[in-house]
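Note: hydrogens, waters and symmetry copies are ignored here, and every other heavy atom, side chains too, is used. Atoms within each ligand, like the ligands themselves, are counted from 1 in listed order.
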Amino acid sequence: MSNEQQQGNNLDSWLDAYAARAETLAVSEVRALFSVVSRPEVVSLAGGMPYVAALPQELLAKAYHDLMAKKGNLAIQYGGGQGDLVLRDQIRELMALEGIQSSVEDLVITTGSQHGLDLLSGLFLDKGDVVVAEGPSYVGALGIFRHYEADVEHVYTDHDGMSPEALQETITRLKAQGRKIKFLYLVPNFANPSGVTLSAERRPRILEICKREHILIIEDNPYGLLYFDKPVPDALRAVEEDGVVYLGSFSKILAPGFRVGYVLAPPAIRDKMVLAQESALLCPSSFTQMMISEYLANADWKGQIDTFRGVYKERKDAALAAMHEYLPGLHTTRPDGGFYLWVTLPDGVDSKAMLPLAVKELVAYTPGTAFYGDGTGQNKLRVCYSYPTPENIKVGIKRLATVINLQTELLETFKGR
Ligand code: PMP
């Protein structure tokens, strides 16, 4: 337990009353950064925030007026536990862009895809179960798995995504140890934090392994439509219906403040998801679902996604150019879409220990250890280029280079002694 947590606990008169699982709620490394990086003088390459300013506010104002004129009080009433039927039908069209055929019955709308993943984890995970995931993997998912007291087993992942050979080895080893693997959690497109995409060649192999080993796949795909030049390969769910639960979100292609995501699941899982959702929330927000529905019906949403793509591509180019100029010796991934670069630091440089120095230099990033459940990733860091302007990205990476170079020199001097 950290000093701050210890201090917080000393002030907490209800310490004896908490459930054991409350222990798993550690402050995430990303969250802990938010207070610091919101200072205007700090260039934040940390939190994965979409650039919502690229969405014209008039579009939302129009959606609001049209919605209230048409639906009035219905828009602020409780809705069904599975989510709005009209929106579910529109989501089918959205998912068809990634090759997915589905019916409205199999979709459940959730309060962001984060909530979908939480509901699924509650359905599947008992203490000591194993979730297999990419290495590195999304910090928010790791937090959920920890909360349900599951262990995460990372599988070797390179520039083409998760290695099928390594996946097979991991499954064989875990099964031999008598471990219960509950699902494979994957972010196949422009992954958070690595930026890499699972290749078209590996997709059927991963599907085949999981089918043979009877392991459910959770395909989390909030970034797939944010490609820079060419669309991503078809979703895993486009090929396999029964073995894949698909998570989608409006957070990155519209705005995260609506908190609307969706889950496409095989019927038995879907039924349980709806019951779990009703028990947790009664229903997702009618108002934000209907706002999105109105937006999809009347605004040029595909054109808006193109606008987002253009913005993020320009920022990715700025980030890679700055990496090349200021940190030419470092390896970084080169994403074809999404928000993130994954940077490897020189051996021995610890990105978590370096963070306070970086913040002093007025730049922030997310340390690599946040994206592993096993404490590894010390010499990695995530650069998120989605939010700062291209000019600020350049300034931020220049500052980052100052800190990294200083750390590297110090290590060299230390080694020389
Ligand atoms: N999955 C991944 C891979 C993400 O990066 C995020 C958000 N950063 C989420 C899920 C959660 O998205 P939402 O806003 O839909 O809850």
For [X] and [Y], I'd like to know if the aromatic rings sit close, meaning centre-to-centre distance below 6.0 Å.
X      : Y      : value
Phe250 : Tyr262 : yes
Phe145 : Tyr138 : no
Tyr223 : Tyr340 : yes
Phe339 : Tyr312 : yes

Enumerated ligand 1 atoms positioned under 4.0 Å from heavy atoms of [X]:
X      : value
Arg259 : 13 (P), 14 (O), 16 (O)
Gly112 : 15 (O), 16 (O)
Asp220 : 1 (N), 2 (C), 3 (C), 10 (C)
Pro222 : 1 (N), 2 (C), 3 (C), 4 (C)

Within 45° of the axis and under 6.0 Å from the centre of the six-membered ring of Tyr227, does NZ or CZ of Arg309 qualify?
yes
Counting only heavy atoms not in Gln57, do more than 12 sit closer than 6.0 Å to its CD atom?
no
Please report which non-hydrogen protein atom sits nearest to [atom], along with the residue it belongs to and the distance in Å to one decimal place.
atom                    : result
atom 5 (O) of ligand 1  : Tyr223 OH, 2.6 Å
atom 9 (C) of ligand 1  : Tyr138 OH, 3.4 Å
atom 12 (O) of ligand 1 : Ser113 OG, 3.3 Å
atom 14 (O) of ligand 1 : Ser251 OG, 2.6 Å
atom 15 (O) of ligand 1 : Ser249 OG, 2.6 Å

Would you name the heavy atoms of Ala238 and Glu98 that are closest together and state the gap between them?
CB-O, 3.9 Å
Is there a heavy atom in Lys252 that sits closer than 4.0 Å to ligand 1?
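The answer is yes: ligand 1 sits under 4.0 Å from a heavy atom of Lys252.
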